[in-house]
Amino acid sequence: MKIYTKTGDKGQTALYGGTRVSKASARVESYGNIDELNSFIGISKSHIEDEEVLKQLKKIQFDLFTVGSEAATPVDKLMLANGKSRLPLIISDTEIEELENWMDAFDEKLDPLQYFILPGGGKSATFLHAARTICRRAERSLVFLNESEEVRPELIKYLNRLSDYLFVLARYISKINNEPEEYWNPNER
């Protein structure tokens, strides 16, 4: 099977379920942002050595494929004519709670926040901060899509929680790598 199909040469693509849409549609924008986030988490992983963190990030990348698959599927196409789900997996509260549990465990090892943190804190943390901002964009694009086409709320909730996780993880990675965080303190301008 060839990678190129030429079916998108005129600026359209097929959603999961067969509907053809413009590559500039809100739906394509949303799952494109999710794909970019997933790639950036891959970049972040290449600079991290902690095995437990790498295991978590691999799970998150898997979950982002699940989120992206659903974002690429109009709600009316989620179920097949025989009543079965078109998608083998969907994001649920279980994955959201998993992110919360991981965050809580990292947070216990961190100093309390007193100021906003400037994105940085070493190479690994910097990439995680960038992934966090891409995650926020992916979340905004799903919210925008939801204004015109229904999106299951769990997808938006997952990305919201994931951006928090990436922030806490960036702080944790800075700490275990002994790389100081820089603070935004308006009094120290």
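The first residue of the sequence shown is numbered 1, and numbering continues consecutively from there.
Put simply, the side chain of Asn33 gets close to the backbone of Glu29: a donor and an acceptor are under 3.5 Å apart. Looking at Ser30, its side chain never comes within 3.5 Å of a backbone N or O of Ser141 through a donor-acceptor pair. Although no hydrogens or angles enter the test, the distance criterion places a donor-acceptor pair under 3.5 Å between the side chain of Glu95 and the main chain of Ser92.
Residues Leu110 and Leu113 share a single hydrophobic cluster, defined by chaining ILVMFWY side chains whose heavy atoms lie under 4.5 Å apart. Criterion: ILVMFWY side-chain heavy atoms under 4.5 Å apart, direct or through other members. Under it, Leu37 and Leu89 are not part of a common hydrophobic cluster. Phe144 is not connected to Ile156 by any chain of hydrophobic side-chain contacts under 4.5 Å among Ile, Leu, Val, Met, Phe, Trp and Tyr, and they are in different clusters. Under the 4.5 Å side-chain contact rule for hydrophobic residues, Leu54 and Tyr172 share a cluster.
Between Pro74 and Ala72, the closest heavy-atom pair is CD-O, 3.8 Å. Considering all non-hydrogen atoms of both residues, Ala125 and Ala170 come closest at CB-O, 3.5 Å. Summarising the geometry of Pro180 relative to Asn178, their closest heavy-atom pair is CD-O, 3.8 Å, with the distance given to 0.1 Å. When all heavy atoms are compared, the tightest approach of Ile41 to Leu57 is CG2-CD2, 4.0 Å. Of all non-hydrogen atoms in Phe106 and Val168, the two that sit nearest each other are CB-CG1, 3.6 Å. Pairing each heavy atom of Ala71 with each of Tyr31, the nearest pair is CB-CB, 3.9 Å.
Here the OG atom belonging to Ser124 is positioned 12.5 Å from the CD1 atom belonging to Ile43, to the nearest 0.5 angstrom. Between the CD1 atom in Ile173 and the NE2 atom in His47 there is a gap of 12.0 Å [rounded to 0.5 Å]. Expressed to the nearest 0.5 Å, how far CZ of Arg152 lies from OG1 of Thr73 amounts to 11.0 Å. Going from atom CD1 of Ile96 over to atom CG of Leu159 covers 9.5 Å, rounded to the nearest 0.5 Å. We find the OG1-CZ distance between Thr133 and Phe40 to be 7.5 Å, quoted to the nearest 0.5 Å. If you take CZ on Arg137 and OG on Ser163, they are separated by 13.0 Å, rounding to the nearest 0.5 Å.
Partner Met103 forms a side chain to side chain contact (heavy atoms under 4.5 Å, CB included) with one of Leu166, Leu162, Asp164 and no other, that one being Asp164.
By the 4.5 Å heavy-atom criterion applied to side chains, Leu128 and Tyr165 are not counted as neighbours. Side-chain contact check for Tyr183 versus Ile117: some heavy-atom pair is nearer than 4.5 Å. Within the 4.5 Å cutoff, side-chain heavy atoms of Pro119 are placed close to those of Arg132. The shortest distance between side-chain heavy atoms of Val53 and Trp102 does not fall below 4.5 Å. Side-chain contact between Leu142 and Leu145: present, with at least one pair of heavy atoms (C-beta onward) separated by less than 4.5 Å.
In terms of the salt bridge (Lys or Arg N to Asp or Glu O under 4.0 Å) criterion, residue partners of Glu100 (sequence neighbours excluded) are, by chain and number, Arg161. Residues meeting the salt bridge (Lys or Arg N to Asp or Glu O under 4.0 Å) test with Lys157, sequence neighbours left out: Asp93.
Around NZ of Lys58, the count of heavy atoms belonging to other residues, nucleotides or ligands within 6.0 Å does not exceed 12. Within a 6.0 Å radius of NZ in Lys45, more than 12 heavy atoms belonging to other residues, nucleotides or ligands are found. Residue-environment remark: CD (Glu182) stays at or below the threshold of 12 foreign heavy atoms within 6.0 Å.
Ring pair Phe167/His129 is perpendicular by interplanar angle, where above 60° counts as perpendicular and below 30° as parallel.
No salt bridge links Asp104 with Lys109; every basic N to acidic carboxylate O contact stays at or beyond 4.0 Å.
Residue pairs meeting the ring-ring contact (aromatic ring centres under 6.0 Å, His included) criterion with at least one member in residues 53-92, sequence neighbours excluded, do not occur.
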Exercise. Evaluate the criterion side-chain contact (heavy atoms from CB on, under 4.5 Å) for residue pair Glu70 and Leu155; output intermediate values, then yes/no.
Key: CA-CA 8 Å; Glu70 190 168 342; Leu155 300 182; 3.7 Å; yes
